[in-house]
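A quick write-up on the structure given underneath.
Letters A, B, ... mirror the listed sequences (proteins, then strands); counts begin at 1. Predicted model only: the values in this text are computed from it and were never measured.
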Protein chains: 2
Amino acid sequence: MAKKQRRMTKQKRVILDVLRSTTSHPTADWIYNEAKKILPNLSLGTVYRNLNNLKEEGKILELSYGSTYSRFDGNPENHYHCVCVECGKVADLDMPVVEELDKKAQEAQGSSIFYHRLEFYGLCPHCEEKEMKN
Amino acid sequence: MAKKQRRMTKQKRVILDVLRSTTSHPTADWIYNEAKKILPNLSLGTVYRNLNNLKEEGKILELSYGSTYSRFDGNPENHYHCVCVECGKVADLDMPVVEELDKKAQEAQGSSIFYHRLEFYGLCPHCEEKEMKN
DNA sequence: GTAGTTGCAAACTTTTTGCTACCCA
DNA sequence: TGGGTAGCAAAAAGTTTGCAACTAC
């Protein structure tokens with residue numbers, strides 16, 4: 001499937017500029033309000049559309065778990081997960097929690113770190129098998 | 001502030017059982033539908049309330065980024081974040097991406113891992129300072 | 001007995017989408 | 001000029017909440 005063509009509009013330009021001009025990891029709504037100062041007619045739908053485009057183009061990151069709803073885990077122990085980029089399935093990983101990561105992060109940040117959450121993205125065995133056949 | 005007292009109702013019991021009987025990291029809606037097979041009068045609001053209770057009691061995990069909305073980052077390079085558990089602020093961490101983690105995860109899972117996302121939870125310098133004074 | 005919990009429905013929040021006019025390449 | 005994009009508003013999807021009846025302790 002051919003990649004959809006993308007245009008650089010002034011809205012998109014402003015949204016990207018706003019996002020790059022801050023280190024605060026803003027929400028879509030915050031970006032909307034900032035960008036509106038420059039383009040008063042901007043609409044929120046346009047912000048969302050452009051954020052999605054920019055994300056697909058690899059120009060920005062979205063910091064979310066990937067879906068709009070929460071998933072729950074009956075195991076309250078900290079453990080790692082792998083999300084399949086093909087089918088979206090979430091699997092537990094049988095691998096020990098790397099405690100040293102907290103220590104390293106604490107040095108990097110200079111204040112207390114209590115724990116971390118780590119998610120891997122890849123293919124689940126089932127989807128990998130399917131890929132092999134193509 | 002005293003901890004609110006919690007009761008074990010049959011709804012809560014069933015919700016927890018359903019969640020513990022699967023490894024599929026279900027959504028609230030899936031849990032609702034499963035639990036409804038046992039308690040036909042169950043309502044979705046009750047499921048959400050109990051999931052939140054169970055989470056606060058530390059009996060289950062919620063796999064989400066912590067808020068109901070997405071945050072965006074103008075830096076598309078993979079890098080780590082620290083979320084302040086006091087004020088919710090998200091900061092970039094100046095620490096190299098640990099590539100070996102992908103390798104370890106790949107061994108644990110037995111199929112391809114492409115990348116990972118790592119978030120630390122702790123106190124930002126500002127909130128840590130405030131804590132010191134108490 | 002009483003304070004926490006339920007079921008129900010309405011409200012809320014964030015995000016997506018349908019449509020027409022518009023404008024970038 | 002043609003097809004992706006903007007603005008607007010309505011809809012969707014997930015989650016929360018107010019309330020009266022109920023129930024666990």
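Among residue pairs with one or both ends in residues 95-115 of chain B, those qualifying as ring pair (Phe, Tyr, Trp, His ring centres under 6.0 Å) are Y121(A)-Y115(B); sequence neighbours excluded. Sorted by first and then second residue, the pairs that involve residues 27-47 of chain B and meet salt bridge (Lys or Arg N to Asp or Glu O under 4.0 Å), not counting sequence neighbours, are E34(B)-K37(B).
Across its full length, the helix from dG1(C)-dC25(D) to dA25(C)-dT1(D) shows an angle of 50° between the axes of its 5 terminal pairs at either end, rounded to 10 degrees.
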Q: Could you give me the CA-CA distance, side-chain angles and deciding distance for L61(A) and N75(B), then say whether side chain to side chain contact (heavy atoms under 4.5 Å, CB included) is met?
A: CA-CA 7 Å; L61(A) 285 185; N75(B) 175 7; over 6 Å; no
Q: Please test T46(A) against R49(A) for side chain to side chain contact (heavy atoms under 4.5 Å, CB included), starting from the C-alpha separation and ending with a verdict.
A: CA-CA 5 Å; T46(A) 298; R49(A) 267 186 293 239; 4.1 Å; yes
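No side-chain donor-acceptor contact under 3.5 Å links Q11(A) to the backbone of A35(A). Here the side chain of H79(B) pairs a donor or acceptor atom with the backbone of E77(B) at under 3.5 angstrom.
Of the residues in residues 19-29 of chain B, none lies under 4.0 Å from DNA chain C by heavy-atom distance. Within residues 34-43 of chain A, the residues having any heavy atom closer than 4.0 Å to DNA chain D are, in order of number, N41(A), L42(A), S43(A). Of the residues in residues 45-53 of chain B, those placing a heavy atom less than 4.0 Å from an atom of DNA chain D are G45(B), Y48(B), R49(B), N52(B), in numerical order.
OP1 or OP2 of dG7(D) has at least one side-chain nitrogen or oxygen of Q11(A) nearer than 4.0 Å.
The line from OG of S111(A) to CD of E131(B) is 11.0 Å long, rounded to the nearest 0.5 Å.
Atom CG of L44(A) and atom P of dT5(D) are 18 Å apart (whole Å). Distance, Y32(B) OH to dA13(D) P: 16 Å, rounded to whole Å.
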Name each donor-acceptor pair under 3.5 Å that joins a side chain in residues 15-28 of chain A to protein atoms two or more places apart or in another chain, with its distance.
| unit_1 | atom_1 | unit_2 | atom_2 | d |
| --- | --- | --- | --- | --- |
| D17(A) | OD1 | R13(A) | NH2 | 3.3 |
| S21(A) | OG | D17(A) | O | 3.4 |
| S21(A) | OG | V18(A) | O | 2.8 |
| T22(A) | OG1 | S24(A) | N | 3.0 |
| T22(A) | OG1 | S24(A) | OG | 2.9 |
| H25(A) | ND1 | T23(A) | O | 3.0 |
| H25(A) | ND1 | V90(B) | O | 3.0 |
| H25(A) | NE2 | D73(B) | OD2 | 3.0 |
| H25(A) | NE2 | H81(B) | NE2 | 3.2 |
| H25(A) | NE2 | D92(B) | OD1 | 2.8 |
| T27(A) | OG1 | W30(A) | N | 3.3 |

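Checked against salt bridge (charged side-chain N to carboxylate O under 4.0 Å, His left out), K103(A) has no partners two or more places apart in sequence or in another chain. For E86(A), there are no side-chain hydrogen bond (donor to acceptor under 3.5 Å, both in side chains) partners at least two apart in sequence or on another chain. Under the ring pair (Phe, Tyr, Trp, His ring centres under 6.0 Å) criterion, Y80(B) pairs with H116(B), sequence neighbours left out. With sequence neighbours excluded, no residue forms a side-chain hydrogen bond (donor to acceptor under 3.5 Å, both in side chains) with K104(A).
Put simply, the side chain of L51(A) does not reach to within 4.5 Å of the side chain of E62(A), judged on heavy atoms.
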Heteroatom pairs (N/O) under 3.5 angstrom, protein to nucleotides 22-25 of chain D:
| unit_1 | atom_1 | unit_2 | atom_2 | d |
| --- | --- | --- | --- | --- |
| dT23(D) | O2 | R7(B) | NH1 | 3.2 |
| dA24(D) | N3 | R7(B) | NH1 | 3.2 |

